[in-house]
Amino acid sequence: MIAIVKAPRDSFKQRHHSAAFAVLEQFAAGLIEQAKAHGGTISAEQISSALETLRGQNKLFDAAWMTLEADLDTVKTRQNVAVRHDPLGRLLVSRFAHQLEGREAGDLEHGALSREILQPFFKVIRMMVGMDMLQEIDGEIQTIIEQHADEEDELRDPTDYWDHLAEEPQVANRLNLVFSRMALHFKDYERRKNWMIQLVNDNMPHGDHAWTFTEEHCVRLLRALFRDVRSALSKPERSAELVAKLGSENVETLRNVMASLDRDVASLHIREAENWE
């Protein structure tokens with residue numbers, strides 16, 4: 001369910017405890033040898049000397065480090081698999097996939113989103129929308145997928161499967177509900193926007209480069225996520241559906257949020273135009 005990854009009960013903590021303890025055992029063995037050679041006692045100077053001897057052993061921590069690297073690779077693999085095979089997660093990401101590096105957005109230097117944003121993005125979604133709603137919608141989408149499992153229609157086209165699924169009316173309505181709930185949290189738009197920027201940056205699984213999620217990234221991301229919410233608000237029949245689901249007061253809040261976002265987008269376009277001059 002949207003990239004919630006649980007490590008095996010004993011893989012990480014237990015194995016790293018064992019690796020670290022193996023290093024301590026080597027240190028203790030060196031102290032014991034020193035004590036045996038000096039009548040069963042050992043001085044503070046000899047302890048320091050033993051520590052310096054260990055410091056000079058370049059490969060001392062290799063086993064512990066190899067274990068750590070292996071576990072980190074395993075965690076990353078599980079996260080990637082969870083995103084690839086999790087329908088709701090894939091559908092949520094489909095709303096801004098075009099902004100990720102390597103797609104039409106280009107590289108990070110030209111404003112693309114780092115793919116490392118997926119983990120903090122899912123955290124933001126869980127915090128704003130709530131697990132109860134996400135689990136309910138996830139189950140509904142799974143049912144829709146199963147209904148199409150044996151049909152020879154465009155929904156089963158392996159090449160464009162996710163694009164077709166995201167536009168399927170029943171699925172699109174449920175995704176729109178998720179992002180409507182998320183948008184309601186932006187009632188205090190500036191404060192919530194700054195909160196989201198900080199949360200994403202604090203939860204980035206930084207690799208070799210330290211990519212930063214900026215205000216510009218945030219505005220572009222929100223514009224993509226709330227695209228269908230804005231569209232629904234502009235159509236009387238769809239707006240009425242939102243009122244039925246969320247209430248008139250919440251729908252008015254959504255309109256105010258979209259207006260604030262539109263002002264940010266307009267300011268962004270002005271800055272871009274000035275940079276081109």
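Hydrogens, waters and symmetry mates are skipped; everything else that's a heavy atom, side chains included, is used.
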What donor-acceptor contacts under 3.5 angstrom involve side-chain atoms of residues 242-250, with partners at least two apart or in another chain?
from: Asn250; atom 1: ND2; to: Leu246; atom 2: O; distance (Å): 2.8

Between CG on residue Leu233 and CD on residue Glu252, distance to nearest 0.5 Å
9.5 Å
Sorted by chain and number, sequence neighbours left out, salt bridge (Lys or Arg N to Asp or Glu O under 4.0 Å) with Glu216 holds for Arg220
Got Met128 and Arg181 here, is their nearest side-chain heavy-atom distance under 4.5 Å?
no
List in chain and number order the residues that pass ring pair (Phe, Tyr, Trp, His ring centres under 6.0 Å) with Phe213, two or more places apart in sequence or in another chain; answer none if no residue qualifies.
none
Residues passing the side-chain contact (heavy atoms from CB on, under 4.5 Å) test with His110, sequence neighbours excluded, are Asp107
Would Leu92 and Phe179 satisfy side-chain contact (heavy atoms from CB on, under 4.5 Å), going step by step from the backbone distance to the final call?
CA-CA 9 Å; Leu92 294 174; Phe179 291 124; 3.7 Å; yes
With a 4.5 Å heavy-atom cut-off, do Leu175 and Asp228 have their side chains touching?
no
Go through the steps to decide whether Val93 and Phe122 satisfy the test side-chain contact (heavy atoms from CB on, under 4.5 Å), and finish with yes or no.
CA-CA 9 Å; Val93 172; Phe122 287 133; 3.7 Å; yes
What verdict does the side-chain contact (heavy atoms from CB on, under 4.5 Å) test give for Glu116 and Trp211, after you've listed the backbone C-alpha separation in whole Å, the side-chain angles of each residue and the deciding distance to 0.1 Å?
CA-CA 9 Å; Glu116 291 184 342; Trp211 178 80; 5.6 Å; no
What do the steps show when you test Asn194 against Gln198 for side-chain hydrogen bond (donor to acceptor under 3.5 Å, both in side chains), and what is the final call?
CA-CA 6 Å; Asn194 292 331; Gln198 186 67 51; over 6 Å; no
Less than 4.5 Å apart, side chain to side chain, heavy atoms only: is that true for Met196 and Phe186?
yes
Are the side chain of Arg192 and the backbone of His185 linked by a donor-acceptor contact shorter than 3.5 Å?
yes
Residues which pass side chain to side chain donor-acceptor pair (under 3.5 Å) with Asn203, listed by chain and number, not counting sequence neighbours
Lys123
Hey, could you give me the CD/OG1 distance between Gln170 and Thr143, rounded to the nearest 0.5 Å?
10.0 Å
Determine whether Leu268 and Arg271 make a side-chain contact, defined as any pair of heavy atoms from C-beta on separated by less than 4.5 Å.
yes
Give the intermediate values and the outcome of side-chain contact (heavy atoms from CB on, under 4.5 Å) for residues Phe226 and Met182.
CA-CA 9 Å; Phe226 299 158; Met182 178 181 179; 4.1 Å; yes
For Arg223, does the CZ atom sit with more than 12 other heavy atoms under 6.0 Å from it, leaving out its own atoms?
no
Checking Lys193 now: which residues fulfil side chain to side chain donor-acceptor pair (under 3.5 Å) with it, not counting sequence neighbours?
Glu190, Glu215, Asp264
Less than 4.5 Å apart, any side-chain heavy atom of Leu108 and any of Leu113?
no
If only atom types and distance count, is the side chain of Arg115 paired as donor or acceptor with the main-chain N or O of Glu101 below 3.5 Å?
yes
Gap separating the CG atom of Asp188 from the CG atom of Asn256, nearest 0.5 angstrom
12.0 Å
Sort and list the pairs that fulfil side-chain hydrogen bond (donor to acceptor under 3.5 Å, both in side chains) and have at least one residue in residues 230-244, not counting sequence neighbours.
Arg230-Asp262, Ser239-Arg255
Ring pair (Phe, Tyr, Trp, His ring centres under 6.0 Å) partners of Phe96, counting only residues at least two apart
Phe121
Minimum side-chain heavy-atom gap Arg263-Ser260 below 4.5 Å:
yes
Who are the side chain to side chain donor-acceptor pair (under 3.5 Å) partners of Glu140, not counting sequence neighbours?
Arg174
Testing the basics here: between Leu254 and Ser180, what is the closest heavy-atom pair and its distance to 0.1 Å?
CD2-O, 3.5 Å
Please list, chain by chain and in numerical order, all residues satisfying side chain to side chain donor-acceptor pair (under 3.5 Å) with His217, sequence neighbours excluded.
Thr214
Would you say the side-chain atoms of Asn176 pair up with the backbone N or O of Val229, donor to acceptor, closer than 3.5 Å?
yes
